[in-house]
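Here the structure comes first, spelled out in structure tokens, and everything after it is commentary.
Chain letters run A, B, ... following the sequence lines, proteins first and then strands; every chain starts at 1.
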There are 2 protein chains.
Amino acid sequence: MSKERLYLYDTTLRDGQQTQGVQFSTAEKQQIAQTLDRLGLDYIEGGWPGANPTDSAFFDAAPDTRATMTAFGMTKRAGRSAENDDVLAAVMNAGTPAVCLVGKTHDFHVTTALNITLEENLENIARSVEHLVAQGREALFDAEHFFDGYKANPGYALECLKAAHDAGARWIVLCDTNGGTLPEEVGRITAAVIDAGIPGDHLGIHTHNDTGNAVASSLAAIDAGARQVQGTLNGLGERCGNANLCTLIPTLLLKEPYAGAYETGISMEALADLTRASRLLDDILNRVPVKSAPYVGASAFAHKAGLHASAILKDPATYEHIDPALVGNTRIIPMSNQAGQSNLRRRLAEAGLEVEKGDSALARILDEIKAREAQGYSYDTAQASFELVARKVLGQLPHFFEVKRYKVTVERRKNRRDRMVSLSEAVVVVKIGDQKMLSVSESHDEAGNDQGPVNALSKALAKDLGPYQKHIDDIRLVDFKVRITQGGTEAVTRVIIDSEDSEGHRWSTVGVSPNIVDASFEALLDAINWKLIRDGATA
Amino acid sequence: MSKERLYLYDTTLRDGQQTQGVQFSTAEKQQIAQTLDRLGLDYIEGGWPGANPTDSAFFDAAPDTRATMTAFGMTKRAGRSAENDDVLAAVMNAGTPAVCLVGKTHDFHVTTALNITLEENLENIARSVEHLVAQGREALFDAEHFFDGYKANPGYALECLKAAHDAGARWIVLCDTNGGTLPEEVGRITAAVIDAGIPGDHLGIHTHNDTGNAVASSLAAIDAGARQVQGTLNGLGERCGNANLCTLIPTLLLKEPYAGAYETGISMEALADLTRASRLLDDILNRVPVKSAPYVGASAFAHKAGLHASAILKDPATYEHIDPALVGNTRIIPMSNQAGQSNLRRRLAEAGLEVEKGDSALARILDEIKAREAQGYSYDTAQASFELVARKVLGQLPHFFEVKRYKVTVERRKNRRDRMVSLSEAVVVVKIGDQKMLSVSESHDEAGNDQGPVNALSKALAKDLGPYQKHIDDIRLVDFKVRITQGGTEAVTRVIIDSEDSEGHRWSTVGVSPNIVDASFEALLDAINWKLIRDGATA
């Protein structure tokens, strides 16, 4: 039997822009629109033409998309015709094939916020939608506060929807604007709307996450018969955000009853790009991706518990609800003091260290890791440092060089031009064999701005390592994370450093100390030693 | 009509500890347990005694709670009696009034993961629960993979539950271990369990957020008749986390049909502390609180859209589903629009700065704040630094002293006993009037351990400020948070410092620079200047 068509409507560029701290540039909007189009969304809501310069500029140069580009606006105001409403005109002038107009359906808002009669509001909805249709646009009516409105005055709320429907709206979108309606209620009220004569294949659902149920409420509306779902990438949106399409899409494509019942514009190939699309948006916004995000989060398939990890090794289905590859994500079995020995052996194998099952070294490595975690170390991400610890216990850690001492100075004073400037300088003394190397380095970027003590140390350390120089010349410090954590009873600083080489290999190392400079230096040393081992340098 | 009792079970200290990157210390577990107890949770699952040193240490010194302290473990293994299972014995030895044992209910796991017969597994469940009851403990059976097990083999999955129930388990907890079951299915299967003879007031629900439906599935199970809900603060937990109690609790207490139908152990007074409890956990873990978190997030009641913000001023109910004060959260109307200015005036008033409505200074302060936020500053928490910025714009910032220069040195070398040790030293030159003060300080704690450059700077700075000394002698640096963030196009370091005086007043200041030492110094200076202003010191 043939599947029913379910339409996906993205509003990342409009409602998503309401996220606190989010402000898209026009170029960013274009990049996001192309990403959404590649995914296969049916509609892309680009913004509100005329409401702000960025949105207007976006529509002036909107990318050519397979998806139906949609402009957002509001129904005409009372006391003027749709033709003569300048706000509506600005929206029409964007020239998009589809237009979505928000209007009131909650009597309280009509009288309190708009200060017009309920009759006038119905008139505004009908005339505005007729205007869109007359202009040959696909018309969407965004029923603001519909669920609250229906609870307060079901008769009037339904009249508003009928006004839009009878005027020729292709879609009537039921909005839970304040996000307070629970899934069961969303489903029940959506069914009531269909009973009242608005066909489900003309109904859309638009939810917010204020009770953590945006996704569940969207599914409840689909179960009741709605056939358009609105949301945003990564659940961007005002307050707690909109329904997260990065969560909804895999659920609709991979899980029953949805996968078997509905067809969307999204292919399995596109689905495998979902994680990348999610991370791309975070890159654009310079946000740290949410590790625990369903399907696309870095931790979504991370197995920490020892029992789980060992079962996963036997059969991933034991603790995974889907194959991470389907959404372009990957499985992680991190080290931690919860970890079992099988987990440990797998991780050692990744480092090229084969240790027999039951070998007493496994217990010794585990104990060492646990002891260090008690001091504040964390090896969930710092795989390179974990390898060095394991090698040390196994007696397989080459001794390349020894740091005899170092000294870092940060000075802040007036310069010639009487401006306060900083200067960081580091001296590192290293012994290789019986040869002593003394290196000194300042820290500044191309512009001459001081980059601080850690940068200075890293430069001095990498300046002259004699025979090993060729291995470390291409190491770049790409990320630097600092956490104040508990080491036993004292607060200590944990530094995690991500390094990269010229071939784009990345590795993470960790250092811990009450002194942030020492902690950083320890992580820097690990980064270099790990690289030397990986390059097969000889001690 | 009287309400039904609904029990809340927290597993932050056990399942929450499975979060990638989370590693509680024993002291932290005790602090969290007390927070949970103050909230009024019915059960606190403290961990798995014997599984790791931290958990064992926690139970050795578990705080005295009103909540039922619960130890977690697994059912006895095959081929030995419950009495002779050392793993189970370690759990019993924690001596908690309640014990929760996880066991298999999915035939596939029994044969694949455990490699035992279905009969043996039923035996393990029954004998283990009987053992708990015989020892006078409240017994909970954690039915792992129950929903997947029921879908695969309903008969056997139900037999497992009956085995635990007939053996005297107070609670049978239905777990969606892999998090892949959708709410409608959770509700349907929970109802089937009740039809099969396990009473709802003996049923618990334990969900995970892998499809973003953990909260909705918990509600669906309650709708079907389950009367115990398990979850974690802030939704901590393996992979995508557990059901978030910070979301579930307000929904159960404030929203129908739940508020009218059920009674929990949580009072409205405790509910008003929920946001604080959520932030406290993030503080302990030094995690950035999720701004968009339902109810407790910093953005949960932030109104950015201009139309919304102005309507909110007329009547908050227009765009808020609950009153933020009920959960101890606050409304935010971004300063970036008209409505924002009244918000800014409120915040200035808190600092004792009265600025007339419409005063052009308001716009100038907003511009300055925006410009600094673009450089990487953040004033969400750093209220003291915000006040200093505002005073500067208003020309009300006294000039107490000037820092002419400073120099910090961190040196690491071998000491007499041939051990590598660090020493941090700071020199600060300050000018007060025409008097020049030169102070130097080392950094170490009572034990003589080096505490690093920031500590040294703070000591040197506070060593001699002449006439102001009496005001700063009692300042203590109580917290220090570091984040790498974006300042314009460059990555910069943002440091937030919490200071405290002898009367227990706390204030937060912020500093930003590519150089972590400079950023810290800026925050330290703000902390001192703010204290001098608050004490009414005269420049």
Heavy-atom pairs under 4.5 Å with chain B - which of A:Ala317, A:Pro250, A:Ala426, A:Pro453 has more of them than the others?
A:Pro453
Taking every heavy-atom pair that is under 4.5 Å apart, which of B:Lys414, B:His145, B:Lys404, B:Glu320 has the most such pairs with chain A?
B:His145
Gap between atom OG of A:Ser378 and atom CD of B:Gln23 - 0.5 Å precision:
8.0 Å
Do you know the tightest heavy-atom contact between A:Ala216 and B:Asn213?
CB-OD1, 3.2 Å
Taking B:Lys407 for its side chain and A:Thr409 for its backbone only, find out whether a donor-acceptor pair lies under 3.5 Å.
no
In terms of heavy-atom proximity below 4.5 Å to chain B, should A:Leu219 be classed as side chain, backbone, both, or neither?
side chain
If you look at every heavy atom in B:His109 and A:Tyr319, which pair is closest and at what distance?
CE1-CE1, 4.4 Å
Heavy-atom side-chain contact between A:His303 and B:Arg239 under 4.5 Å
yes
Between A:Asn178 and B:Thr318 (side chain of the first, backbone of the second, donor and acceptor by atom type, cut-off under 3.5 Å), is there such a pair?
yes
Rounded to the nearest 0.5 Å, how far apart are CD of B:Gln20 and OG of A:Ser292?
10.5 Å
What option among A:Asn449, A:Asp176, A:Thr19, A:Leu254 has the most heavy-atom pairs under 4.5 Å with chain B?
A:Thr19
Under a 4.5 Å heavy-atom cutoff, which of B:Pro514, B:Ser299, B:Gly452 has the most pairs with chain A?
B:Ser299
Partners meeting side-chain contact (heavy atoms from CB on, under 4.5 Å) with B:Thr26 (sequence neighbours left out):
B:Gln30, B:Thr54, B:Ala57, B:Phe58
Heavy-atom distances under 4.5 Å only: say whether A:Ala293 touches chain B with side chain, backbone, both or neither.
backbone
Relative to chain B, which of A:Glu411, A:Arg405, A:Arg412 shows the most heavy atom pairs under 4.5 Å?
A:Arg412
Hey, which of B:Thr251, B:Leu182, B:Thr112 has the most heavy atom pairs under 4.5 Å with chain A?
B:Leu182
Heavy-atom pair count under 4.5 Å with chain B, highest-scoring of A:Val517, A:Asp518, A:Ile516, A:Thr247:
A:Asp518
Segment of A:Glu425 engaging chain B (4.5 angstrom heavy-atom cut-off)
neither
Counting only non-hydrogen atoms closer than 4.5 Å, does A:Glu185 touch chain B with its backbone (N, CA, C, O), its side chain (CB onward), both, or neither?
neither
Less than 4.5 Å to any heavy atom of chain B: does that hold for the side chain of A:Ala456, its backbone, both, or neither?
neither
Which pair of non-hydrogen atoms, one from A:Ala302 and one from B:Glu238, has the smallest distance, and what is that distance?
O-CG, 3.7 Å
Could you state the interatomic distance from OG (B:Ser422) to OH (A:Tyr406), rounded to the nearest 0.5 Å?
5.0 Å
For B:Pro294 and A:Gly212, the nearest pair of non-hydrogen atoms, with its separation, is CG-N, 3.6 Å
Using every non-hydrogen atom in the two residues, find where A:Asn515 and B:Ser424 come nearest and quote the distance to one decimal.
ND2-OG, 3.1 Å
Distance-minimising heavy-atom pair for B:Asp210 and A:His321:
CB-NE2, 3.5 Å
Heavy-atom distances under 4.5 Å only: say whether A:Thr177 touches chain B with side chain, backbone, both or neither.
side chain
Measure distances from B:Phe108 to the heavy atoms of chain A and classify the residue's part below 4.5 Å as side chain, backbone, both or neither.
side chain
